[in-house]
Enquirer: 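Okay, handing you the structure first.
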Amino acid sequence: MSASPPVAQPSSLTLRSVSKTYGATLALDAVDLSIERGEVVALMGANGAGKSTLAKIAAGVIQPDHGEIVLAGLPVRLASPLAAHQAGVVTVHQSTELLGVANLTVAENLILGELCGGSFGLTTSARRIRLRAAAVAAGVGLDLPLDRQFGDLGPAQRQLVAIARAAATDAKVLILDEPTASLAAAEADRLFEIIDRVRSRGVGVLYISHRLGDIKRIADRIVVLRNGRRVADQTKPFDLSAAIRAMIGRDLDGIGAGRENSEPGRLMLQIERARLTPGAAPFDLNLRSGEILAVTGALGSGKSRLLRALFGLGRLTEGDVLLEGEPWRPHGPAQAIARGVFFAGEDRWRTSFLPPATPGADIAGAIALPHRRSWFPRGILRDRRERNAARRAIEALGIRCRDSHDELDRLSGGNQQKVVVARWQAAPCRLLLLDEPFQGVDVGARQDLVQAIRAARSNSATLIATSDVEEAIEVADVVAVMRDHAIVGAHDLRGAGAASLLGAIAAVEAGDLARQDGRER
Amino acid sequence: MSVDSNAAPVAAARPARETRDVGRILRRYAIFIVLAALLVLFQSVEPAFLRVNNLFSVLQSVAVVALLGIGVTVTLAVDGFDLSVGSTAAFTLMLSSYAMVVLQLGAVPTVGLALLGGAAIGLINGFLIVGLRIPDLLATLGMMFLLSGLQLIPSGGRSISTGVILPNGSAAAGSFDPAFLLIGRYRLWDLAPLPVVIVAIIALIAWFVMERTRWGRVFYAVGGNEAAAHLAGAPVKTYRLAAYVVSGILAALGGVFIAARVGRGDVFAGSSLLLDSVAAALIGFAVLDKRHANVLGAVTGAVFVGIVLNGLTMLNVPYYTQDFVKGIVLVGALAITFGIGRGRR
């Protein structure tokens, strides 16, 4: 599997006409992708476009149905993540749990591969580990707190440690999945320096991101995926607005048209002079019933914090919130739900679902969970009540399943997410808060979800947090941009034509660019 | 194991599905099938086995284990674990003996004191786990040690019976209230021991609450995914605390039953209660292929073990093989729950 390559190889990694289907969904359709030595290729695409499928195939996590993988000139089969790692494809995941071992020190984490693989020798001493780790850190030009526990680090530093570790291996290809998502400006700069060093050593980098500012700074080439196909391939100088158009790739007039007849109702939510964190700028936000507002911004920009504060899971540092004109300061989910303020968190298996084999972990039970208090005031369950609610939801949202007692882990990601949305549409609602509702959802299911959310909006206000601008534009009437825990701009899409929509996208993306420029100064 | 329905011809797929269905039914009713087979075996070897009197004596012998098993089940449902049930029962056994023999209380205040004691122990367990965030196993292990030591202190390490000599040298003046002894010894219609009837009623109530009410669903939801339960509006901490209080009260009632049956505060009574009741609750996972803690399963598990031991005793199998037999039953049940035929995903 791991053949040592001749020194002058033309390309680090080539994927030739790779295809992958999940059930009826074609996730990748004969995609070609080639990363030259020392080249940074940015992979762009909306959620569900096939970015992560492609990255997983390159990392050996999943196997393609068709196609060929050529690594440093040799055709390989990457049967597992370990095989891919040994062959020289090193991946840094986005999720912080996968980045390192929490109860070891940073130094131990930096040389984890050597420690676990046995190349460090039989005996270890703290001094030797520290020396070796210091060499690794110096090799990528990072000053890291070597003696601290990895688990005590914040997400950004964990990310840097994981990237330093990956860069220190003699990788041929480095795959970085949304690496700047949790990084502040200064940390992102350090990341880019690491990437520059790695690149100069001839390592090819696949850089998955939808932050245009970062892509502009670091990439040599942009590849855009949409619906599992490669729709654009740009080399410098980039035409970013063409890339966005390729990413969205749809008649933009159609979107604007659907929104003209939506008539906003009474003022549902008013946020006045709110500060999310002590240092943040204050902002105002108004939301009417029948309106859908999407807050977009990078990870850690405060979108989730805003939603959670409105649901009673945290507090605003400052400012007033009015719900239908009355002060709204919930102490917790129970009170919020009783008042018709509903919240679906990101990562449905962590925040919404019970594990399989728990009583009430089927579709009907998942929908009924928060409503049982009002549905069964005397406490005694009636299966038929839950079943009927589930049946209505299955029909309304087009959930593909056998019946309402199916277990959730048998549904596709899109259908699981429909169950989450169905839960909060099963009772009268005043304010619906959805945090990343399109995570891990394929394009077809996403359209169903958007439709369901838009169809049910008439008597309630909907606030959606998403880091994906395209999702925001697809679902919302108003797109607000959040940065550094404050809303810095809002764009009304109702009745807008293609031109002004593109303008709105550019303005939203420019937010990222402006931050980028500020960083460079 | 997983059959790709697209690739496999239809004719080949059908028998595979039928085998799977048969496997599922077997797993569902495995314990009942084994139980029926054992009953037939014991009955054919020893005709006295299926007599009503013998069956009630089996039930009498497992009533306390079943009761504690229900408590363990409720704590398992909230993804906790109560290791202190056995010593809670032993503690209340000593507490009620002390209350009558030394403090000269009557039956009613004694039972009240015992149940209150159980509730207090449950509250403390709950506070350690919910309030101080001590892991459940460790907190209840600590409580287990604490109680099994505490029960020895008032009597100076002696068993408590009428006229026992106290640490201060005087003899205790009180005695067991006859009304109290009736709790353990009275037989309804001259047939069914009172503890069996009470445990049956409690089991029915517990089953109903856990399976057929929204409160039961919240217990399970808290145990399945605490964050999701919290975000769905459940008072997570209250339910966790309640689970330990229920477990404490049921264990205390078990202690009362033992005291009322034995008629003295025996220091070593109840030493096997913890393992037996945990085993019953775990065997219960396999009943009806539920794969989670459930009341019906815990009671079935306790009764199953009781019948096996009773039958083997009748067959003159020596007493010292009992724990070995219990172990086999438990391992078999766990294999059914977690191992056999689980490759369907």
Side-chain angles (χ1 to χ4, degrees), chain A residues 21 23-24 307-308 311-313 330 332-339 341-361 364-383 385-386 407-410 420 423-424 427 433 435, chain B residues 2 4-7 17 24 27-28 73-74 76-79 205 207-239 284-297 336-338 341-342 344-345:
Chain A
T21 53
L307 263 56
R308 295 173 76 84
F311 191 57
L313 293 165
Q335 191 197 0
I337 291 168
R339 297 279 303 271
V341 175
F342 297 162
F343 168 78
E346 61 178 324
D347 188 351
R348 53 189 166 265
W349 281 103
R350 209 167 49 74
T351 58
S352 296
F353 291 162
L354 306 179
T358 313
I367 292 173
L369 184 64
H371 308 305
R372 290 208 180 95
R373 187 192 286 265
S374 56
W375 289 0
F376 313 112
R378 291 166 57 214
I380 297 165
L381 298 177
R382 277 178 300 124
D383 192 46
R385 177 81 172 82
E386 296 191 1
E407 291 198 357
L408 293 163
D409 59 342
R410 301 208 168 191
V420 174
R423 164 189 285 182
W424 298 115
L433 308 164
D435 196 357
Chain B
S2 68
D4 185 352
S5 55
N6 293 331
R17 163 167 294 184
R24 195 162 59 222
R27 234 179 13 245
R28 224 173 133 76
T73 297
V74 176
L76 284 173
V78 296
D79 195 28
I205 295 171
W207 172 83
F208 186 80
V209 170
M210 294 302 283
E211 303 286 326
R212 291 282 184 269
T213 69
R214 62 178 160 92
W215 301 294
R217 284 293 152 87
V218 178
F219 275 110
Y220 282 118
V222 168
N225 185 342
E226 185 172 345
H230 175 61
L231 292 176
V236 171
K237 291 183 175 178
T238 312
Y239 273 82
F285 278 49
V287 173
L288 299 181
D289 197 23
K290 291 251 192 190
R291 290 183 284 152
H292 58 255
N294 67 99
V295 173
L296 174 70
I336 290 170
T337 306
F338 295 103
R342 276 279 89 84
R344 60 200 171 97
R345 290 210 175 94

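A note on names: the letters A, B, ... follow the listed sequences, proteins ahead of strands, and every chain is numbered from 1. Side chains are part of it too, since the values below use all heavy atoms of this structure and drop only hydrogens, waters and symmetry mates.
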Enquirer: Using the test ring-ring contact (aromatic ring centres under 6.0 Å, His included), find all partners of B:Y220 that sit at least two apart in sequence or belong to another chain.
Expert: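 ring-ring contact (aromatic ring centres under 6.0 Å, His included) check on B:Y220 returns B:H292.
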Enquirer: Any salt bridge (Lys or Arg N to Asp or Glu O under 4.0 Å) involving residues 208-234 of chain B? Give me the pairs, sequence neighbours left out, ordered by first then second residue.
Expert: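 Passing the test, one end in residues 208-234 of chain B: B:E211-B:K290, B:E226-B:R240.
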Enquirer: Using heavy-atom distances under 4.5 Å, tell me whether B:F219 contacts chain A through its side chain, its backbone, both, or neither.
Expert: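 Neither part.
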Enquirer: With chain A, which of B:V209, B:V218, B:N294, B:T213 has the greatest number of heavy-atom pairs at distances under 4.5 Å?
Expert: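 Most heavy-atom pairs within the cutoff with chain A belong to B:T213.
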Enquirer: Would you say A:E386 and A:H371 make side-chain contact, with heavy atoms under 4.5 Å?
Expert: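 The answer is no; the side chains never approach within 4.5 Å.
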Enquirer: Would you mind reporting whether A:F342 and A:I337 have side-chain heavy atoms less than 4.5 Å apart?
Expert: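 In contact.
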Enquirer: For A:R350, is it the side chain, the backbone, both or neither that has a heavy atom under 4.5 Å from a heavy atom of chain B?
Expert: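 The backbone, not the side chain.
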Enquirer: Can you tell me which of A:A334, A:P370, A:S352, A:G379 forms the most heavy-atom pairs within a distance under 4.5 Å of chain B?
Expert: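 Of A:A334, A:P370, A:S352, A:G379, A:G379 has the most heavy-atom pairs under 4.5 Å with chain B.
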Enquirer: Select one option (side chain, backbone, both, neither) describing which atoms of A:W424 are under 4.5 Å from chain B's heavy atoms.
Expert: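 Answer is side chain: those atoms of A:W424 sit under 4.5 Å from chain B.
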Enquirer: Taking side chain as everything from C-beta outward and backbone as N, CA, C, O, which of these in A:P330 sits under 4.5 Å from a heavy atom of chain B? Side chain, backbone, both or neither.
Expert: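 It is neither, since no heavy atom gets under 4.5 Å.
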Enquirer: Any idea which heavy atoms bring B:A221 and A:L369 closest together, and the distance?
Expert: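 Nearest heavy atoms, B:A221 then A:L369: CB-CD1, 3.9 Å.
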Enquirer: Under a 4.5 Å heavy-atom cutoff, which of A:G360, A:P359, A:P333 has the most pairs with chain B?
Expert: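 Highest number of heavy-atom pairs under 4.5 Å: A:P359.
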Enquirer: Please confirm whether the backbone N or O of A:F376 pairs with a side-chain atom of A:R382, one donor and one acceptor, at under 3.5 Å?
Expert: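 No.
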